[in-house]
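As structure tokens, the structure follows; a few thoughts come after it.
Note that the structure is predicted; figures quoted are calculated from it, not measured.
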Amino acid sequence: MYKIFNGFHLVEAYQEFKKARRLSKDKTIIRVIKLIVAFAVLIALWCLPAETYGIEGFSIIEKRVVAIFLFATMMWILEAVPAWTTSMLIVGLLLFTTSNSSLWFFRNVPDTAIYGTPVKYTSILHSFADPIIMLFIGGFVLAIAATKSGLDNMLARVMLKPFGTKSKYVLLGFILVTAGFSMFLSNTATAAMMLTFLTPVLKALPADGKGKIALALSIPIAANVGGMATPIGTPPNAIVLKYLNDPEGLNLNIGFGEWMSFMLPFTIVILIFAWVILLKMFPFKQKTIILNIEGEAKKDWRSIVVYITFAVTVLLWITDKYTGVNSNVVAMLPLAIFPITGVITKRDLEEISWSVLWMVAGGFALGVALQETGLAANMIEAIPFNTWQPVIMIIGSGLICYIMANFISHTATAALLVPILAIVGISMRDILMPLGGVPTLLIGVAIGSSLAMILPISTPPNALAHATGMIEQKDMVKTGIIMGVVGLVLGYLMLIFLGKSGII
């Protein structure tokens, strides 16, 4: 979906760099070793006797799901192949080896008690059409339409204008505007667009000044943090929301507007903190900055349709608790209006980030397998979660998520951790109440993943900003660690307060 966005050349260069690095001759042997290790783990766990796991009533199907789950973990951590390709392989393995429509020789077990309960193949395939997937598609379509109509350029120019020409306020403007776009656009597309606007500014600043570092770092920080404010801002949010609202699980019925009611103020606080830190660490030598953002919003009738639809969709999302229209249903509004009016064409649909959607769907499929095979219930009975200290459980899960997400995809991190933590949360629901309950546990994962940005490889926005040549890795590490520690502390304090107050 990046070809029509400002700054597409930055994303394209980044993707080509990643591909070249992955396929370089000196990396081929390492890739092969990683793949051999991951498949060796899969085969070893697959072939172990069920008794080895020490769980009473552990079935063959459950053993296969454990093997596939840990295989997915290895593949996502080692990153021998792109994350979304691992998701597709996982879905294939689940369908052909654990479903009620698997290959006959995988089902040829005389004793049904030993074999276990297979996963319904329809449940696995439904992961691709989960309402959360529809929510993301609606967000992607809105973003594409906004760019085609010039709405993004107009909004950037209008939103940055009030911040004037003083360097420190221009920095604040870029932070808040980038975060604002990241709430509804992909953080990669947002970072690419804002870096394009920022490039002439960076070139005009004194070569020996530190202010340009602050500006360059502000884009990835704001793009990563801004996504926390809405369910569609980043995939981990949507994954967490799916499990919080699962009718057969926690069934908390947290809506789009309700999520924003507590995450938006938290996001703003973190962004203001980022502004202060960047000014302290990288003070401006030049006190004024002149911005010149080119491009006008179109005024034809199709563009008017985009403006109205965009506004109505966002308004319905924010007020979903009052209107009674589910946010996933609201996402279908632009999908219904834009194609029939010619705003979105079949070529535009090809630009949607299908790899992101497939990545999320693979995580959902793992969750389905955990539930339908009975593995989730067996884990709750076999592992004494009730004896664990809730503070260790909550803080430990947040730190594990934060550390993992700095090195592997944020989406993959959430896809691995959230299904397990949802199971744990249900079994520890009463014990977790003094610390805010299960929402503290799960939403903490979303916060931890979004705050993971200490390295250029941590997120695409980090990589794009680092590619400007204005940022040294040590600067990114320092600011990333500070943002992570402060963000996690404030995030958990907020969640504990909200949970104890009964707000979530």
>> Would the distance check show the side chain of Tyr243 and the main-chain N or O of Leu250 forming a donor-acceptor pair, the cut-off being under 3.5 Å?
In response: no

> In terms of side-chain heavy atoms, does Thr234 have a donor or acceptor partner in Asn237 at a distance below 3.5 Å?
Replying inline: no

>> Could you report the tightest heavy-atom contact between Val240 and Ala446, atom names first, then the distance?
In response: CG2-CB, 4.0 Å

> Going from CG on Leu215 to NZ on Lys212, what distance comes out if it is rounded to the nearest 0.5 angstrom?
Replying inline: 11.0 Å

> Is the shortest heavy-atom distance from the side chain of Leu370 to the side chain of Ile420 under 4.5 Å?
Replying inline: yes

> Do Ser218 side-chain atoms and Leu171 backbone N/O form a donor-acceptor pair below 3.5 Å?
Replying inline: no

>> With rounding to the nearest 0.5 angstrom, report the CD1 to OG distance, Ile318 to Ser327.
In response: 12.0 Å

> What's the spacing between Ile239 CD1 and Ser449 OG if we round to 0.5 Å?
Replying inline: 8.5 Å

>> Looking at Ser186, is its backbone amide N or carbonyl O close enough to the side chain of Thr190 to form a donor-acceptor pair, meaning the two atoms are under 3.5 Å apart?
In response: yes

Which donor-acceptor pairs under 3.5 Å do side chains of residues 277-284 form with protein atoms, sequence neighbours excluded?
none

>> If I take atom CD1 from residue Ile132 and atom CG from residue Asn328, how far apart are they, to the nearest 0.5 angstrom?
In response: 5.0 Å

> So, does Lys34 use its side chain to make a donor-acceptor pair with the main chain of Leu78 at under 3.5 Å?
Replying inline: yes

>> Can you list everything that forms a side chain to side chain donor-acceptor pair (under 3.5 Å) with Asn406? Sequence neighbours excluded, please.
In response: Ser458

> So Asn462 and Thr459, side chain to side chain contact (heavy atoms under 4.5 Å, CB included) or not? Walk me through it.
Replying inline: CA-CA 5 Å; Asn462 278 27; Thr459 69; 3.1 Å; yes

>> Using every non-hydrogen atom in the two residues, find where Leu185 and Ala143 come nearest and quote the distance to one decimal.
In response: CG-CB, 3.7 Å

> Among all residues two or more places apart in sequence or in another chain, which pass the side chain to side chain contact (heavy atoms under 4.5 Å, CB included) test with Thr323?
Replying inline: Leu316, Thr319, Val325

> Do Ser167 side-chain atoms and Gln286 backbone N/O form a donor-acceptor pair below 3.5 Å?
Replying inline: yes

> In chain order, what residues pass the salt bridge (charged side-chain N to carboxylate O under 4.0 Å, His left out) check against Asp130, with sequence neighbours excluded?
Replying inline: Lys242

>> Within the 4.5 Å heavy-atom criterion, are Ser87 and Trp76 side-chain neighbours or not?
In response: yes

> Looking at Leu442 and Ala422, what are the two nearest heavy atoms and their distance?
Replying inline: CD2-N, 3.8 Å

>> A side-chain contact here means heavy atoms from C-beta on lying under 4.5 Å apart; do Asn251 and Asn245 qualify?
In response: no

> Looking at side-chain heavy atoms only, is the closest gap between Leu495 and Pro439 below 4.5 Å?
Replying inline: no

> Quick one: side chain to side chain contact (heavy atoms under 4.5 Å, CB included) partners of Ile496, sequence neighbours excluded?
Replying inline: Leu435, Thr440, Lys500

>> Would you compute the distance between atom CD1 of Ile90 and atom OG1 of Thr85 and round it to the nearest 0.5 angstrom?
In response: 9.5 Å

> Where the side chain of Thr230 meets the backbone of Met183, is there a donor-acceptor pair that is under 3.5 Å apart?
Replying inline: yes

> Taking only residues two or more places apart in sequence or in another chain, which ones pass ring-ring contact (aromatic ring centres under 6.0 Å, His included) with Trp84?
Replying inline: Trp358

> Are any side-chain N or O atoms of Asp320 and backbone N or O atoms of Asn326, one a donor and one an acceptor, separated by less than 3.5 Å?
Replying inline: no

> Looking at side-chain heavy atoms only, is the closest gap between Asp348 and Lys148 below 4.5 Å?
Replying inline: yes

> Does Leu271 have any side chain to side chain contact (heavy atoms under 4.5 Å, CB included) partners at least two apart in sequence or in another chain, and if so, which?
Replying inline: Ile175, Leu176, Ala179, Ala222, Val225, Thr267

>> Please determine whether the number of non-hydrogen atoms from other residues, nucleotides or ligands lying under 6.0 Å from atom OH of Tyr169 exceeds 12.
In response: no

> Side chains of Thr147 and Leu151: does their closest heavy-atom pair fall under 4.5 Å?
Replying inline: no

> With sequence neighbours left out, which residue pairs that include part of residues 407-421 fulfil the side chain to side chain donor-acceptor pair (under 3.5 Å) condition?
Replying inline: none

> Can you list the steps and then say if Trp317 with Phe184 is a side chain to side chain contact (heavy atoms under 4.5 Å, CB included)?
Replying inline: CA-CA 11 Å; Trp317 267 335; Phe184 298 97; 4.2 Å; yes

> How long is the span from the CZ atom in Arg31 to the CD1 atom in Ile33, to the nearest 0.5 Å?
Replying inline: 12.5 Å

> Do you know which two heavy atoms are closest between Pro235 and Val360, and how far apart they sit?
Replying inline: CB-CG2, 3.8 Å

> How far apart are the closest heavy atoms of Gly227 and Ser182, and which atoms are they?
Replying inline: N-OG, 3.6 Å

> Hey, does the side chain of Trp259 reach the backbone of Leu241 with a donor-acceptor pair shorter than 3.5 angstrom?
Replying inline: no

> Could you go step by step and tell me if Phe273 and Val269 meet the side chain to side chain contact (heavy atoms under 4.5 Å, CB included) rule?
Replying inline: CA-CA 6 Å; Phe273 173 77; Val269 170; 5.6 Å; no

With a 3.5 Å cut-off and sequence neighbours excluded, list the donor-acceptor pairs that the side chains of residues 471-487 form with protein atoms.
residue, atom, partner, partner atom, Å
Thr479, OG1, Asp475, O, 3.0
Thr479, OG1, Met476, O, 3.2

>> For Ala414 versus Pro419, what's the shortest heavy-atom pair and its separation?
In response: O-CD, 3.8 Å

>> I'd like to know whether Phe266 forms a side chain to side chain contact (heavy atoms under 4.5 Å, CB included) with Leu493, so could you lay out the CA-CA distance, the side-chain angles of the two residues, the decisive distance to 0.1 Å, and finally the verdict.
In response: CA-CA 11 Å; Phe266 169 69; Leu493 288 175; over 6 Å; no

> In chain order, what residues pass the ring-ring contact (aromatic ring centres under 6.0 Å, His included) check against Phe71, with sequence neighbours excluded?
Replying inline: Phe39

> Under a 4.5 Å cut-off applied to non-hydrogen side-chain atoms, are Ser397 and Leu441 in contact?
Replying inline: yes

> Just wondering, do Met359 and Val356 contact through their side chains at under 4.5 Å, heavy atoms?
Replying inline: no

> Applying salt bridge (Lys or Arg N to Asp or Glu O under 4.0 Å), which residue pairs with at least one partner in residues 407-419 are found, sequence neighbours left out?
Replying inline: none

> Are the side chain of Ser149 and the backbone of Ala146 linked by a donor-acceptor contact shorter than 3.5 Å?
Replying inline: yes

>> List the residues meeting side chain to side chain contact (heavy atoms under 4.5 Å, CB included) with Lys321, not counting sequence neighbours, and say none if there are none.
In response: Asn253, Glu258

